[in-house]
Amino acid sequence: MDPYFYTEKPKYQLQDIEDASEFYDIIERSSLTHQLSSSRPYIYWTMEIYDKANGIKGGGGLGVLAADTRRVAEKLDVPFVVVTPFYRSESHQKITNLEQEEFSETVSPKDYGFEYIDEVSISSRGFPDASLSIFKKVLGSTQFITISEPNFGKLYEGEGSGDHRLYQEVALGFGGYKALKLLGIKPAVIQLNETATIFAALARLDELCANGMNLYEAIVYVRKHTLYTNHTLLQAAEPEFHRSQFEKLVLPNLKSNAVRCWLMEQFRNDRLRPNLLAIELTEAKNGVSKLHARVANFRDRNNDKVKFHAITNGIDLETWTLPETLQTYHNNNIIDKFGLPTDDFSRQLNLIHSADIRYLKKLGRKELNRVLLKRQDQYNKSIQVPENAILFDFKRRFANYKRPYMPFENPNALRQILINHNAHYILTGKVHQGDVTMYQKLLEVLKLIDQDPVLRERVHYIQDYDEELGRALAIGSDIAINIPIVGLEACGTSWEKDIANLKILISTNDGGVADIQPIACLEVSGKNYEAEVLSLYVNMHKAAAIVKNDQLLEKHIRHQLNNYLPIISGARMMKDYLKFIFPKTQTQPKKEPSVKRIVIQ
Ligand SMILES: *Cc1c(COP(=O)(O)O)cnc(C)c1O
């Protein structure tokens, strides 16, 4: 047996950046050495973060993005604070008789090296104040500031428009803001990772006004120093709250009468979507891929279309790439010490040969099998993927728009592909709690596999999809399948992990993949669903043929990396955010903030 199978190898890391000024210089923002500091950091507010190593398990891509953004900031020595809940209950999936069941595990910040700071309180009408415990954890230039209390509940607990969800959002915004004050931290800038964090901006507005600033000036100030990152495509899909819910849960936390009046004037027919507040209280707004920024159709309260800048999500390459692969990028001068593609990375990619790819994929397969030993398939057994088999994978939340069932539309075609190419197929992903349609779909897929001897042998549903499994599949599988309905994936990052790890990607023309036109991978397309299904099978055949052929493999892998490496790089994402938030002409704002768009009646 290869010893690597059993022993933890030291993780390969890019050289440490000791001082962020070097990074600021190369991104032409030298002034950031004065604008950002540990007492005046970049603040990232998020309802979800997916960072199990630090005790917090998220639900999907939004949380993975948050965790990656922090890791990249730490790596680059950027002063960065994440304000987020510490959920004391985390959700897991298990399969019994081919049906999904959920169970919870209890977690405590103390078990993950968090330090208790103090309590802050949140008020609601008709209830005693809630006391939130503040815990923090410092990691290099970054830190987590978390709020938690025994009744806070789980991530995305209850209905989107329910009182409990509003309470969670209010607690995160107002409670998190109080925590910052307690710790003597003043935000240089606040990034709102999705609308659920809007109460952070409201807390700031309230504090400015309570301290005597005029409402209009305070709004302009908050707008200038807050960034709204949107991940939703449809404004109407976002939750809407009733006036009475705000009266009960939000108003008791406001000190300023002016802010209270302004807030209640934002309601239409006693209803309000908090994204309207996010639109009004931020000047800089971004979507998370080019396509998303273009098609997100959001209207402000005057019904004018909202402009979103595009900053495509990236990933932390150190977290998601096989260490030996990252080392290969670095040694061949493809990725620099910051994690950015070098100026001539395109040319340098020619140094990656099929033998390197095969060697690295072989190491990756071992790592995948090591992780699979701890995991269970739909029959509660652990599986191993043969070293010489080609492996396809579909690893993402079992959401309808991602179409996890599509490869099973024609079982005969799938069977042929798996037999002809000696291939296996791993499917993993949890159905969102309460999604009745998708529970049923998952059951149907698992039954179909169960009734077919070939599929039963070669298709494996691995339970309880999480970061560890996501990483292992990125590293150890050969061909990734990413087939969201075109127009519905804001960005997606799973495909980025796949490309970084030298896999062949099969994808629809959507999300961040569509940043490059035509997309630089095998494209699933068709004028209707049947045509798309056909196109998927054709591309699965093609992908398997590519994996078997040295020249084709080399060519495709280089082509994918040549196009997508700059997008995938998390350092590139950090560079884009810093450049967007801190424009070069700090002293001369491009244009006056449009106060007149804030209608006061
Ligand atoms: C990367 C990752 C995601 C993001 O996946 P997309 O479907 O591409 O958005 C979600 N969950 C886990 C566990 C991941 O590792």
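Just so you know, ligand 1 is whichever comes first in the structure, and atom 1 is the first atom listed for that ligand.
Considering only non-hydrogen protein atoms, atom 12 (C) of ligand 1 sits nearest to Tyr465 OH, 3.3 Å. At the top of the distance list for atom 7 (O) of ligand 1, counting protein heavy atoms only, stands Lys402 NZ, 2.6 Å. Summary of contacts: the protein heavy atom closest to atom 1 (C) of ligand 1 is Lys497 NZ, 1.3 Å.
Those atoms of ligand 1 that come under 4.0 Å of a heavy atom in Asp466, given as number and element, are 13 (C). Distances below 4.0 Å separate heavy atoms of Gly492 from the following atoms of ligand 1: 8 (O), 9 (O). Residue Trp320 has at least one heavy-atom neighbour below 4.0 Å for each of these atoms of ligand 1: 15 (O). Near Gly61, with a cut-off below 4.0 Å to any heavy atom, the atoms of ligand 1 are 4 (C), 10 (C).
The shortest N or O to N or O distance between Thr493 and ligand 1 is under 3.5 Å. Geometrically, ligand 1 and Trp495 share no nitrogen or oxygen pair separated by less than 3.5 Å. Checking only distances, Ser494 does come within under 3.5 Å of ligand 1, N or O to N or O.
For the residue pair Ser104 and Glu90, no side-chain donor N or O sits within less than 3.5 Å of a side-chain acceptor on the partner. Checked by atom type, the side-chain pair Asn230/Lys285 shows no donor-acceptor distance below 3.5 Å.
Here Asn482 has no heavy atoms under 4.0 Å from ligand 1, in either its backbone or its side chain. Within the 4.0 Å heavy-atom criterion, neither part of Arg397 lies near ligand 1.
Checked against Glu387 for a salt bridge (charged side-chain N to carboxylate O under 4.0 Å, His left out), the options Arg365, Lys366, Lys362 give a single hit: Lys362. Screening Phe114, Phe152, Phe135, Phe144 for a ring pair (Phe, Tyr, Trp, His ring centres under 6.0 Å) with Phe86, the sole residue that qualifies is Phe114.
Ring geometry for Phe308 against His292 counts as parallel: the plane angle stays under 30°, on a 0 to 90° scale with 60° as the upper cut.
Heavy-atom minimum distance, Ala544 versus Phe392: CB-CZ, 4.4 Å.
At least one donor-acceptor pair closer than 3.5 Å links the side chain of Thr508 to the backbone N or O of Pro484.
Of the charged side-chain nitrogens involved, at least one lies within less than 4.0 Å of a carboxylate oxygen, so that Arg71 and Asp51 count as a salt-bridged pair.
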